[in-house]
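Notes follow once the structure below has been shown.
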Amino acid sequence: MPHRSQEIAALFPDHVIVLAGKPGSVTGELFNEELECVERAVEKRRLEFTAGRLLAREALKQLGVGPSPLLPAKDRSPIWPAGIAGTISHTRDFCAVAVATHNNSRCLGMDVEESSPLRDELIERICTERELGWLASREKAGEDRGRLGKLIFSAKEAFYKCQYPLTARFLEFEDVELEIDLDSSTFTATVRPEVNELPTDLQLSARFSTLDELIVCAVSG
Ligand SMILES: CC(C)(COP(=O)(O)OP(=O)(O)OC[C@H]1O[C@@H](n2cnc3c(N)ncnc32)[C@H](O)[C@@H]1OP(=O)(O)O)[C@@H](O)C(=O)NCCC(=O)NCCS
């Protein structure tokens, strides 16, 4: 699969560095502290973790940040160097990383999914009533409900990752409602007011792309 760094970078503001690659093909050595994180993991997990860490290290280098272990917090979110916002996502065959300085972005969230359709029972679990109504209207217009369901899933995951460093808040799927604009390939996400802890001055930009076999959602604030 060709590396998609440029197509994915186009979903973020210009200052965001994006690198992508195939797990197993990204070369380099992990720091010992990073190796310890996956020493008991299955091979798939070791490969995706390794690709994410090596791509992140190279992307951080492009921001002028020297190499250091990128360790996960107890909640599994990466502990980015001071002054850096970042996000990592992987599928079986693909890994992508985005980073920016806090001067330019307070938070980033990215999700990559294989574009296979989402099963109906999962669509029912992750969508709000309003989103289900939107899906029904799009289906009537001839669009693929399963693939749009996957897009909703991916967009919510990207939004979740973006908000997490600012709120440390776990969100249920029904806490977040999306409005997707298929023409402009953008979306907005609204958190139920009773759970919302996002700063009031935060302006989020949220875009998506369907790159052949991949759906990529990118949120930055
Ligand atoms: C964290 C989560 C979003 C990851 O999504 P995923 O599609 O399973 O997997 P991805 O490959 O896209 O992303 C995994 C990466 O996300 C990052 N990540 C993990 N937890 C995170 C968090 N709380 N905040 C931000 N990033 C996180 C990590 O870098 C991880 O890769 P790594 O372990 O190799 O470092 C998901 O596993 C999860 O915990 N979801 C619960 C919350 C949720 O989905 N709520 C409903 C949406 S609103």
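Counting starts at 1 for both ligands and their atoms, following the listed order.
The shell of residues lying under 4.0 angstrom from ligand 1, judged by heavy atoms, excludes P72.
Remark: minimum distance from atom 44 (O) of ligand 1 to any protein heavy atom is reached at E157 OE1, 2.5 Å. Of the protein's non-hydrogen atoms, Y160 CE2, 4.4 Å is the one closest to atom 38 (C) of ligand 1. Looking at atom 19 (C) of ligand 1, its nearest protein heavy atom turns out to be R76 O, 3.4 Å. From the protein, the heavy atom lying nearest to atom 13 (O) of ligand 1 is K161 NZ, 2.8 Å. Nearest protein neighbour of atom 45 (N) of ligand 1, counting heavy atoms only, is L171 O, 2.7 Å. When hydrogens are left out, the protein atom nearest atom 22 (C) of ligand 1 is S77 CB, 3.5 Å; that is the closest non-hydrogen contact.
Distances between N or O atoms of E172 and those of ligand 1 include no value under 3.5 Å. The shortest N or O to N or O distance between V176 and ligand 1 is not under 3.5 Å. For a threshold of 3.5 Å applied to N or O pairs, the pair formed by Y164 and ligand 1 contains no separation below that value.
In the model, E177 has a side-chain atom that pairs as donor or acceptor with a side-chain atom of T128 under 3.5 Å. Under 3.5 Å, the side chains of S77 and D75 contain a donor-acceptor pair of N or O atoms. Between K150 and S116, the side chains place a donor N or O and an acceptor N or O closer than 3.5 Å (distance only, hydrogens not considered).
Just one of R138, K156, R125 meets the salt bridge (Lys or Arg N to Asp or Glu O under 4.0 Å) condition when paired with E131; it is K156.
Relative to atom 31 (O) of ligand 1, the option among Q163, H90, E174, M110 with the closest non-hydrogen atom is H90.
Ligand 1 places these atoms under 4.0 Å from at least one heavy atom of I88: 13 (O), 15 (C), 16 (O), 29 (O). Contact atoms of ligand 1 toward R53: 32 (P), 34 (O), 35 (O) (distance under 4.0 Å to a heavy atom of the residue). Contact atoms of ligand 1 toward D111: 7 (O), 12 (O) (distance under 4.0 Å to a heavy atom of the residue). For ligand 1, the atoms lying closer than 4.0 Å to a non-hydrogen atom of R45 are 32 (P), 33 (O), 34 (O).
Rounded to the nearest 0.5 Å, atoms SG (C127) and CH2 (W134) are 9.0 Å apart.
The ring pair (Phe, Tyr, Trp, His ring centres under 6.0 Å) search around F208 returns none, not counting sequence neighbours.
For atom 9 (O) of ligand 1, no protein heavy-atom neighbour is present inside the 4.0 Å cut-off.
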Distance-only donor-acceptor hits, side chain of residues 178-190, under 3.5 Å, sequence neighbours excluded:
unit_1 : atom_1 : unit_2 : atom_2 : d
E179   : OE1    : R130   : NH1    : 3.4
E179   : OE1    : R130   : NH2    : 3.2
D181   : OD1    : D183   : N      : 2.9
D181   : OD1    : S184   : N      : 3.3
D181   : OD2    : S184   : OG     : 3.2
S184   : OG     : T186   : OG1    : 2.7

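Of the heavy atoms in E113, only side-chain atoms (C-beta onward) come closer than 4.0 Å to ligand 1. Under 4.0 angstrom from ligand 1, the non-hydrogen atoms of F170 all belong to its side chain.
Heavy atoms from other residues, nucleotides or ligands lying under 6.0 Å from CZ of R45 number more than 12.
Between C95 and L55, the closest heavy-atom pair is O-CD1, 3.7 Å.
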